[in-house]
Amino acid sequence: MAHWLFKSEPEAFSIDDLRKKKKGEIWDGIRNYQARNYLLTAAVGDRVFFYHSNEKPPGIVGLAEITEVNVVDPTQFDAKSHYYDPKATKAKPRWTTVKVTFVEKFPNYISLDELRETFDGAELMVVRKGMRLSVTPVPDDVAAQLMEMAHEKR
DNA sequence: GCCAACGTTGGC
DNA sequence: GCCAACGTTGGC
């Protein structure tokens, strides 16, 4: 079981929005090849740290689980969608993603500042300067530490 | 295939 | 709201 970190702007889609989706939700709108390529290596059962960007402060709010892989992102075919991609066709889709479901909202919010104090860029990509990728892998030992930080009594 | 211009992300 | 970082586009 691998671990990931997915970024989302809570104004667009928050962990509370995901919690309401009983059947899970397609993680749509990924339009970066590196992020997509990471998603192609994800497996059902992988765990996802849900990160809120553009929040004060930004940080990890909870956990999700991948329930389906190789999901063709339907928004690429929708001319009305913000994520419409005219170069994508049904025969040759460009953007595949995953479906995720809510697992938990953490008792402790782990802010970006705290992540920076605990991990360096080699351990956790999101703390790297200028890191804009919205999908990044999280090594197992870092994931275990994050789970502790998320649940320890403070 | 280079690279300038442009657009987006996301912390601050 | 600013702007650094950086990915993408398109002219050549």
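Sequence lines set the chain letters: A, B, ... in the order given, protein chains first and strands last, and positions in each chain run from 1.
- Contact annotation: A:Tyr51 does not reach the phosphate of B:dT9 (side-chain N/O to OP1 or OP2, under 4.0 Å).
- What separates CD of A:Glu55 from C1' of B:dC12 is a distance of 15 Å, to the nearest Å.
- Taking atom CZ on A:Phe6 and atom C1' on B:dG10, their separation rounds to 18 Å, with Å as the unit.
- Less than 4.0 Å separates DNA chain C from at least one heavy atom of each of the following residues of residues 119-134 of chain A: A:Lys129, A:Gly130, A:Arg132.
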Practice prompt. I would like to know whether A:Phe49 and A:Trp4 meet ring-ring contact (aromatic ring centres under 6.0 Å, His included); could you show each step before the answer?
Written response: CA-CA 6 Å; A:Phe49 290 97; A:Trp4 305 93; over 10 Å; no

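- No donor-acceptor pair closer than 3.5 Å links the side chain of A:Tyr51 to the backbone N or O of A:Ser8.
- In this structure, A:Tyr38 atom OH and C:dG7 atom P are separated by 12 Å, rounded to whole Å.
- Straight-line distance from the CD1 atom of A:Ile30 to the P atom of B:dT9: 10 Å, rounded to whole Å.
- Side-chain atoms of A:Arg47 never come within 3.5 Å of backbone atoms of A:Ile66 as a donor-acceptor pair (strictly under, hydrogens ignored).
- Phosphate contact (OP1/OP2 of C:dG7, side-chain N/O of A:Arg36, threshold under 4.0 Å): absent.
- With B:dC12, C:dT8, B:dG11 as the choices, the nucleotide that has an atom nearest any side-chain atom of A:Tyr33 turns out to be C:dT8.
- At a non-hydrogen distance threshold of 4.0 Å, nothing from residues 75-87 of chain A comes into contact with DNA chain C.
- Pairs of residues two or more places apart, or lying in two chains, that qualify as side-chain hydrogen bond (donor to acceptor under 3.5 Å, both in side chains) and include a residue from residues 76-86 of chain A are A:Asp85-A:Arg94, A:Asp85-A:Trp95.
- The distance from atom CD of A:Glu11 to atom C1' of B:dT9 is 15 Å, rounded to the nearest whole Å.
- Straight-line distance from the CG atom of A:Asn32 to the P atom of B:dG7: 18 Å, rounded to whole Å.
- Following rounding to the nearest Å, A:Asn54 (CG) and C:dG1 (C1') show an atom-to-atom distance of 12 Å.
- In this structure, CZ of A:Arg31 is placed 16 Å from C1' of B:dT9, rounded to the nearest angstrom.
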Practice prompt. Could you give me the CA-CA distance, side-chain angles and deciding distance for A:Glu11 and A:His52, then say whether side chain to side chain donor-acceptor pair (under 3.5 Å) is met?
Written response: CA-CA 9 Å; A:Glu11 207 166 291; A:His52 279 179; over 6 Å; no

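- In this structure a side-chain-to-backbone donor-acceptor pair under 3.5 Å is missing from A:Asn37 to A:Gln34.
- Between the A:Asn32 side chain and the A:Ser134 main chain, no donor and acceptor come within less than 3.5 Å of each other.
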Practice prompt. Give the C-alpha distance, both sets of side-chain angles, the deciding distance and a yes or no for side chain to side chain contact (heavy atoms under 4.5 Å, CB included) between A:Leu40 and A:Thr96.
Written response: CA-CA 7 Å; A:Leu40 286 171; A:Thr96 44; 3.3 Å; yes

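- A:Lys7 comes within 4.0 angstrom of the backbone, heavy atoms only, and of no base.
- Cation-pi geometry between A:Lys90 and A:Phe77 is met: the NZ or CZ atom falls under 6.0 Å from the ring centre, inside 45° of the normal.
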